[in-house]
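Everything numeric here is computed off the predicted structure, so don't read it as measured data. Residue numbers start from 1 in every chain, and the chains themselves are labelled A, B, ... in the order their sequence lines are given, proteins ahead of strands.
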Amino acid sequence: MSSTTESSAEQLIRRFRDVVGEDGLLYRPEELIVYECDGYVVEKNVPDVVVFPRTTAQIIELVKICNDLKVPFVPRGAGTSLAGGTLPVGGGVMITLTRMREILEINYRDRYAIVEPGLVNVHLTQALKGSGYHYAPDPSSQGACTLGGNVATNSGGPHTLKYGVTVNHVLGIEYVSPQGELMRLGGPQEEMPGYDLTGMFVGSEGTFGICTKIWVRLTRDPAAHRTLLAIFETVKDATETISAIIGAGIVPAALEMMDQGIIAALEEAFHFGFPLDAGAVLLIETDGLEVSVEQDALDIERLCSENGAREVRRAGTEAERQLLWKCRKQAFGAIGRLSPSYCTQDGVVPRTKLPEILDCITESSERHGIRVVNVFHAGDGNIHPILLFDERDPEQIKRVMAASDEILNRCIDLGGSVTGEHGIGVEKISFMSRLFTENDLEIMGRIRIAMNPTGCCSPSKMLPTAGACGMEHIERSHPGKQAHA
Amino acid sequence: MTEFSPVSAKELARFLRDNSKGERAQVFPVGGRTSLQFLGPQQTTAALLSTHQIANVIDYPARDMTITVGAGMRTSDLSEILANENQELPIDISHNQRATIGGAISCNVSGPRRYGQGTFRDYLIGMTAVDAEGKEFHAGGRVVKNVAGYDLCKLMIGSRGSLGVLTEITLKVKPKQDHLEAVWINCESFETIDLLCEKMLNSATRPVAMEAFTPAACQFVVADARINFPTDHPVMLVFYEGTEKELLWQIGMLRSELDHPGVRSIEEVGDESSILLLGTLTEFPDGGDVPATFQANMRPSRVASFLEYCTSRNISAVARLGNGIVIGHLPDDIGHEAQKSVLNELSAHTHNDGGNLILLNAEEPIASELSWWGRAEQSWSVMKTIKESLDPSGLLNPGGTPFE
């Protein structure tokens, strides 16, 4: 059911055309189908209009028109959300920011860059190459995802183990409020008086407004690094090694785990030489000063061997290191070799609870007859079980949902959370009332109303009570995942 | 002024609930009371609510490198507990024998090592607080990565108890560094310091702190830390942490990188003196009996010229060179009008670059004549809306926010 009547839709398109021109608009059904979902393919709904602003002034106008016509709107970057963060629940307007992709300033002296929200993450990395600086958050989707999307979901990535997630690297934000006002929080100065609204804006999943400019912190490149691939017979040995490394007081730059299922797909795709009979591999990178990084690598090698690694390899050249990281970051792309559809979960547990949650994943996989492969940020305790299925089979979808529910509920039971970096989106809304108390949700609801009074900006996201903007009647095609006590 | 020191979060919540339904007194949450002198006179009519008795260890899974404690725990106690597992929270907190972790978070305290080690934004991963009506709420959790729900942890950092009273804190912690070593760099001028800062941008070394002083501050620092180094010219101080091997290599490298005619001498401070020096710099904002203390926030590239101006006005100032933060004490040998004029000039200097100058402490009549929070920012209106939505009756820390 669309939230706009035909006449208001026509008015909307006419007024949008005045702002962005015909080439900044999509509204024909065959054009809109691409925007029916993001990386979370289980739920779909086409927007009424997709609009591509090129300037902040255009966004202000677009938001004001949406307000005039009481039409909900949702910002979108590259659509790589794995939680339905950009799903246009109930239709409305999708404001896609991929044409605002400039790097506005790089200031090495003050260690910041100003970027537009549609800039692809890796394009900033490329622009900084050779300068001795980089932008630290490196989600696996960094070749496609945008920095505005990273801000919305507080994205992580493999190297966040040492360097932190997006919020640890954002100094300021300019945004268009849900009422169409241009606002600024923070900036190149590290500290300003009052509340840290920049910190709260990051991870708000597009519910506080549309980000138009971001001040990001630039980080020194590590002077040296060592990249290791440790091969284990069993997943259990690998997870115990993770605990041993962290417990020994070593914080690698990245500590990633891949199990046998994903190794096979990666080997087929990249021919790296992964051992197909291994139970699991750990990809470990330690960085720092040249004078100390070798000792860290030796300590890690020793701990791997003590915990049952049958072999520990080192990337001998930069090209080999890059290939290893390419394998890891494109792991999701290799999954197409395993199944037509997949659903990635994003639970987090305390690092020492990894063996328990991996047991749970194995049991759920067997119980529901759904194949699961694992590639995840082990050092952070951030699991990414990938459930393989065929979305054309409704029965399989049900089993995928049931297995996912079990895994995420177990994460909560183990003292963790249902999302480490993908966000709640629409997918995990039902878990919010299990993760949080009524008071917690009420406080969050009050903040949402303070920032987004009509609820028209990204409705039906993150909070269970988020239906607004005249959309309380909307029923989603799939109810998302279900928490159980 | 009435005072209440609950022994548990439940008791604290009951107090606030009863207050909101009954007397509706304004409440001033405190921890170790180490920041009371900052940012304006305290509301003498408000009831003091102290969390210092809520100081238990709730959970310390050392191998997960997280710790959950009562917000009233003294930061020195927290350091001791962490040190037993060879871990630390690498944030420099002044008066750490008295300061509580909840208070430090509420005031977003930081010190010299924020350059290399970050601030509470990088370490606070979970919290429980109680709002003005006595309702307990929490955010985050006990895992190091978690994006479920709005990040209220960030909102509470630096909110000075105006949105809720922290009762429970979960922190990410780090392995404790073996050694700390400072390098004292005596420079010809602040221009040289500016140049050295540029060189440090591409240094092969990784300092955890970079500081600079005006001559007036330098004399205080040397005396307070009981060290004997030249104070007749501008000084830059670089701190390193790590193993002996790392420090030795980095200091050697620094000497070669900073080989410049404007550098008069480079001297190692020594292990024990470096710790004392870090302590002196951490405590520096608490200037004692001075007419006014300010914090200026600017881009790092503006700091050297700002220090030069401070020197010309005999201001005792310490700069966090890599962070663009300068803390200064006005001299007491100039009159009231001159003090006002200097502060206005300093404000203009920071505002021209989009920064801000905050009065941390001031005697009368400056205290009532100048703005404590500096130039009003557009974002203050958003802050006000948030405050009104979480504390509609304005019961918590009245007058403690910039937008009031």
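Two residues are said to be in side-chain contact when any heavy atoms from C-beta on lie closer than 4.5 Å; B/R302 and A/D110 fail this criterion.
For B/P300, the parts lying near chain A are the backbone and the side chain together; criterion is any non-hydrogen pair under 4.5 Å. Both the backbone and the side chain of B/T385 come within less than 4.5 Å of a heavy atom in chain A. Only the backbone of B/A139 comes within less than 4.5 Å of a heavy atom of chain A; no side-chain atom from C-beta onward does. Proximity to chain B (any heavy atom under 4.5 Å) is shown, for A/T198, by both the backbone and the side chain. Contacts of A/D221 with chain B are made by backbone atoms alone, with heavy-atom separations under 4.5 Å and no side-chain atom involved. Using a 4.5 Å cut-off between heavy atoms, A/H422 contacts chain B through its backbone alone, with no side-chain atom that close. Only the side chain of B/L152 comes within contact range of chain A, judged by heavy atoms closer than 4.5 Å. Residue A/L435 touches chain B through both its backbone and its side chain, counting heavy-atom pairs closer than 4.5 Å. Proximity to chain B (any heavy atom under 4.5 Å) is restricted, for A/P222, to the backbone atoms N, CA, C and O. Contacts between B/S381 and chain A at a heavy-atom distance below 4.5 Å involve the side chain alone, from C-beta outward. Only the backbone of A/V349 has a heavy atom closer than 4.5 Å to any heavy atom of chain B.
Between A/R446 and B/D131, at least one side-chain nitrogen of the basic residue sits less than 4.0 Å from a carboxylate oxygen of the acidic one, meeting the salt-bridge criterion. Salt bridge status for B/D194 with A/R109: present, with a side-chain N to carboxylate O gap under 4.0 Å. Between B/R114 and A/E190 a salt bridge is recorded (basic side-chain N to carboxylate O distance below 4.0 Å). A salt bridge links A/D380 to B/K145: one of the charged nitrogens lies within less than 4.0 Å of a carboxylate oxygen.
With sequence neighbours excluded, no residue satisfies side-chain hydrogen bond (donor to acceptor under 3.5 Å, both in side chains) with B/R17. Applying the salt bridge (Lys or Arg N to Asp or Glu O under 4.0 Å) criterion to B/E388, with sequence neighbours excluded, gives B/K384.
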Start with the C-alpha gap between B/Y150 and A/F208, add the side-chain angles, then the distance that decides, and say whether ring-ring contact (aromatic ring centres under 6.0 Å, His included) holds. CA-CA 10 Å; B/Y150 294 133; A/F208 289 170; 4.7 Å; yes
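In the displayed structure, B/K387 atom NZ is contacted under 6.0 Å by more than 12 heavy atoms of other residues, nucleotides or ligands.
Relative orientation of the A/Y195 and B/F403 rings is perpendicular, given thresholds of 30° and 60° on the angle between their planes.
For the residue pair B/N297 and A/E191, no side-chain donor N or O sits within less than 3.5 Å of a side-chain acceptor on the partner.
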